[in-house]
Amino acid sequence: MESTVKNLHIEKAKSSKIGQVDFSNLSFGSVFTDHMFSCDFKDGMWKTPKITPYQPLLLEPSARVFHYGQAVFEGMKAYRDDQDGVWLFRPDENFKRINKSSVRLAMPEFPEEYFFEGLKTLLQLDQDWIKPGIGNTLYIRPFVIATQAGILASPADEFKFVIICSPAQAYYGGEVRVKIAEKFSRAADGGFGFAKAAGNYAGQFYPTKLAQEEGYQQIIWTDANTHEYIEEAGTMNIFVRLDDKLITCPVGDRILDGVTRKSVIALAEDQGIEMEIRPIKVKELVEGMENKRLKELFGSGTAAVINPIRGFGYQGKRYELPQMADSYANRFKKQLLDIQYNCTDDKFGWRYRVM
Ligand code: COI
């Protein structure tokens, strides 16, 4: 296979595992394609990028990633349309964000040409894993880890950039109910909540496990200082519909600048939906339930796309949202999927053809 990145080294898998995969029964992120892309950073530069069969990484036990969590990642998807074309959705945003995350974690930025050529070549090699049909996707996980051996608590100077791919369908299997955080926090001002840093996710697991024991699937994080304002749900940004107005909180130090979030905002504004980007008080949700002005809550994210939130828990009380016939969540989900699967015009220029 030819690649325009002159020194991209390709070693093909001897055989494919695809025959062993039940594509009608996938559990998110548990099966990986035949190949992976990787590139090492050493002596102040990114070395020859390569595509190899998907395989374990060989790392020193003292590699910094294991001790200090110097690691960032991204989430993207490839979609196959009904004429066999393969597309990405706003991949430039993921590229910019992984580098922004890397800078915050004292890691080197990855070159744009390597990212796009590596990704396209990988997708070409593993194209049979991208199945047609709305809802079938190939989830793409680029990540960067500190590989340098030695447990000195300081930034590493050796890293590995990797892309692995996993066929995926829905992220959340059933209905989603969330607990609003009253005690634990996800991020603080001046911290790295905006980055897709591994540690941001690890820190959520314990509180989320406690919430799951109470029957919730996720937590809506609130501001660390007062717990009065909602922030994000960890795997999703949050939208609130009060009457017919759509509200989401501003991103900043603490909140991930979601690609799906900014796409929903653009769609809403384009359709003349009243849109407010401002801090949202938990109190507004509770009052909105009492006076019936709270019509919808939904989350947005690459893995989750748009996920309606059926209910929330706060201060020991459970609230169930009404079921809306003309739901914004359904409307935006359909509009996004239509763009992603090349079923409609792409007036925003968000689609990126891979093949
Ligand atoms: C994504 O939506 O791609 C995410 O990063 C969420 C993930 C942790 C599954």
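Counting convention: from 1, in listed order, for ligands and their atoms alike.
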Open item on the list: I'd like to know if the side chain of Trp221 pairs up with that of Gln204 as donor and acceptor (distance under 3.5 Å, no hydrogens or angles considered).
Closed with: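 Their side chains do contain a donor-acceptor pair, which is all the 3.5 Å distance test asks for.
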Proximal ligand 1 atoms for [X], defined as those under 4.0 Å from one of its heavy atoms:
X      : answer
Gly75  : 3 (O)
Tyr139 : 1 (C), 3 (O), 4 (C), 5 (O)
Tyr171 : 9 (C)
Phe73  : 5 (O)
Tyr201 : 8 (C)
Lys196 : 4 (C), 5 (O)

Open item on the list: Against Asp326, only a single residue in Arg331, Arg241, Lys295 fulfils salt bridge (charged side-chain N to carboxylate O under 4.0 Å, His left out); can you say which?
Closed with: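 One option only clears the test, and that one is Arg241.
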Task: Spatial distance of atom CG (Asn99) from atom CE (Met107) [nearest 0.5 Å] - done: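 Reported to 0.5 Å precision, the distance equals 10.5 Å.
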Open item on the list: Set out, in order, the CA-CA distance, both residues' side-chain angles and the distance that settles side chain to side chain donor-acceptor pair (under 3.5 Å) for Glu232 and Asn237, then state yes or no.
Closed with: CA-CA 5 Å; Glu232 59 151 279; Asn237 293 108; 4.8 Å; no
TODO: In plain terms, say whether Glu11 and Lys50 are close enough for a salt bridge, that is, a side-chain N and a carboxylate O under 4.0 Å apart.
DONE: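 No salt bridge links Glu11 with Lys50.
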Task: Carboxylate-amine/guanidinium contact Glu284 Lys281, below 4.0 Å - done: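 Result for this pair is no, no salt bridge flagged.
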Open item on the list: How far is atom 7 (C) of ligand 1 from the closest protein heavy atom, and which atom is that?
Closed with: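 Nearest neighbour among protein heavy atoms for atom 7 (C) of ligand 1, to 0.1 Å: Arg141 NH2, 3.9 Å.
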Open item on the list: To check your reading of the model: name the closest protein heavy atom to atom 2 (O) of ligand 1, its residue, and the distance in Å.
Closed with: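 That would be Ala303 N, 2.8 Å.
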